[in-house]
Amino acid sequence: MEKRTKAIHEAVRRSQYGEVSEAIFLTQGFVYESAEHAEARFIESGPDEFIYARYGNPTVAMFEDRMAALEGCEAGFATASGMAAVNGALTSMLSAGDHVVSARALFGSCLYILEEILPRYGVEVTFVDGTDLDQWAAAIRPDTKAVFFESMSNPTLEVIDVAAVSALAHAQGATVVVDNVFSTPVFSKAVELGVDVVVYSATKHIDGQGRALGGIILGTEQFIRKTVEPYMKHTGGSMSPFTAWMMLKGIETLDLRVRAQTASAGALAEALEARGDVRVIYPGLPSHPQHALVERQMGAGGTMLALDCGSKDAAFKTLNALEIFTISNNLGDAKSIVTHPATTTHQRLSDDQKVELGITEGLVRVSVGLEDAKDLIADVTQALEGALG
Ligand SMILES: *Cc1c(COP(=O)(O)O)cnc(C)c1O
């Protein structure tokens, strides 16, 4: 089956009532027929047997199995947020003394885990410029346990050669963990390109309507059941059944939404680049330094772009003049959203780190929503004309 069909029909667990829309099992626990039955469940639970919602729940299992089917992975574990997924994927597999190689261009909270938390527990982390394969090759060692990167970085939209980095990692026996938010499950070929563990913040495109936090860790049955599940179920970052139900509804329209948002992002990027007064970063434009890689790896430019307005003043004026775009920090939403990373999502970084990552004072991150592209182009055009004169 193709992804769009799987997104609707995969992993339905229909109850005895034959409901059409997936049921929300808002229950923390499950009843056993006998003491012997309870004992047996605690020794080993079957695929349709649940014990406690922190360990698993039928609605959450539908979300996990459907996401695994979409991504082409054997199994998944759903988490309370994207950060619970990033933390769970890494911390569940790492021990003191292990070595990790990570791309430097990361979402702020991901950077916090790699830079602050893991070293505190004795994990050595080497940071590289993710777009430079020579740096990956030099940093990955025989004792490297994992490599980590965002397939497309937030907010500067650098694209990492997933197949090449995976090959370098596998040559040394390291596990490849990828935060795939910007690629989305729609355009992802992560498994085919060699990724072992795929992580999503479901808060973004999967919900796509700004309602709830969520995340998921996807990988082999062995990795999810033996490494991730024991860690997650005992440390408490599991997804709620209500959230899983919303995410299931989100998945049904994910492909339509992401493709429509991508088409509008492309149209907006082209219109803005044609103006010539702002630098436009969009992976789907031929001017993007890794455009050929994007075409090969994703086949589309995605729903996000970035503009460099030249100064903080021009960026703020642009943000404040927008009428349709809202100033916020979510992305992948039906509503178009603009963010000034240097003063919000990436405020914590030092000036040197900002320079290194290309997060300039004038940079504006744009998440393109589901409004009519003509209105979005007109809105950004009038805002830039006011801000840049
Ligand atoms: C938003 C985001 C996260 C964190 O997800 P939450 O659901 O907010 O915890 C992690 N990585 C990337 C690339 C993101 O954009």
Side-chain angles (χ1 to χ4, degrees), residues 105 107-108 131 150 152-159 181-182 204 210 260-291 294 300-389:
F107 177 68
T131 61
E150 292 169 13
M152 196 189 271
S153 74
N154 177 1
T156 48
L157 304 163
E158 285 182 6
V159 182
V181 167
F182 279 44
K204 312 294 167 56
Q261 288 169 244
T262 298
S264 296
L268 179 62
E270 273 175 27
L272 297 179
E273 191 170 61
R275 293 174 53 83
D277 55 359
V278 281
R279 189 163 82 90
V280 181
I281 307 172
Y282 181 62
L285 285 177
S287 60
H288 189 280
Q290 293 145 306
H291 182 62
V294 175
T303 67
M304 303 292 299
L305 53 126
L307 307 177
D308 198 334
C309 300
S311 68
K312 179 178 167 184
D313 182 51
F316 272 32
K317 278 190 180 139
T318 305
L319 258 62
N320 292 337
L322 287 164
E323 285 165 4
I324 296 172
F325 285 79
T326 47
I327 304 169
S328 187
N329 37 317
N330 192 19
L331 59 91
D333 199 278
K335 295 183 173 67
S336 289
I337 290 170
V338 282
T339 311
H340 186 249
T343 54
T344 60
T345 52
H346 293 70
Q347 189 189 91
R348 201 181 63 80
L349 301 187
S350 68
D351 289 346
D352 285 350
Q353 280 175 311
K354 285 179 194 159
V355 169
E356 204 169 9
L357 297 180
I359 302 170
T360 57
E361 290 289 308
L363 194 76
V364 173
R365 189 184 77 183
V366 182
S367 171
V368 178
L370 282 172
E371 303 91 340
D372 193 301
K374 282 203 285 297
D375 291 332
L376 297 179
I377 293 168
D379 194 26
V380 182
T381 302
Q382 65 79 22
L384 286 175
E385 273 164 9
L388 304 176

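Computed from a predicted model, the values in this text were never measured in an experiment.
No side-chain heavy atom of Y282 sits under 4.5 Å from any side-chain heavy atom of L272. Between V280 and L268, the closest side-chain pair of non-hydrogen atoms is not below 4.5 Å. Considering only heavy atoms from C-beta on, L331 comes within 4.5 Å of V181 through its side chain. In this structure, the side chains of L363 and T156 come closer than 4.5 Å at one or more pairs of heavy atoms. Contact check for S336 versus V366: no side-chain heavy atoms found under the 4.5 Å cut-off.
Q261 places a side-chain N or O within donor-acceptor distance of the main-chain N or O of D333, the cut-off being under 3.5 Å. In terms of modelled atom types and a separation under 3.5 Å, the side chain of H291 and the main chain of G301 share no donor-acceptor contact. With hydrogens and angles disregarded, a donor-acceptor distance shorter than 3.5 Å links the side chain of E150 to the backbone of F107. Under a 3.5 Å cut-off, the side chain of R365 and the backbone N or O of N329 do form a donor-acceptor pair. For D379 (side chain) and L322 (main-chain N/O), no donor-acceptor pair under 3.5 Å exists by modelled atom type.
Rounded to the nearest 0.5 Å, atoms CD (E371) and NZ (K335) are 8.5 Å apart.
In terms of heavy atoms, A271 sits closest to I377 at CB-CG2, 3.7 Å. Between H346 and G108 the shortest heavy-atom distance is NE2-N, 4.1 Å. Closest heavy-atom contact between T339 and S328: OG1-O, 2.8 Å. Between L157 and H288, the shortest heavy-atom distance links the atoms O-NE2, 2.8 Å. The shortest heavy-atom contact between P283 and V159 is CB-CG2, 4.5 Å. Considering every non-hydrogen atom in both T343 and K312, the closest pair reads CG2-CE, 4.1 Å.
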Could you go through residues 303-311 and list every donor-acceptor pair under 3.5 Å that involves a side-chain atom there, pairing it with any protein atom two or more places apart or in another chain?
residue	atom	partner	partner atom	Å
T303	OG1	H205	NE2	2.8
D308	OD1	G310	N	3.0
D308	OD2	T360	OG1	2.9
S311	OG	A314	N	3.0

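The closest side-chain donor-acceptor pair between E158 and T131, if any, does not fall under 3.5 angstrom.
With sequence neighbours left out, Q290 forms a side-chain hydrogen bond (donor to acceptor under 3.5 Å, both in side chains) with no residue at all. A search for side-chain hydrogen bond (donor to acceptor under 3.5 Å, both in side chains) contacts involving T318 returns nothing, not counting sequence neighbours.
Under the side-chain contact (heavy atoms from CB on, under 4.5 Å) test applied with I327, the options L319, T344, I337 reduce to a single match, L319.
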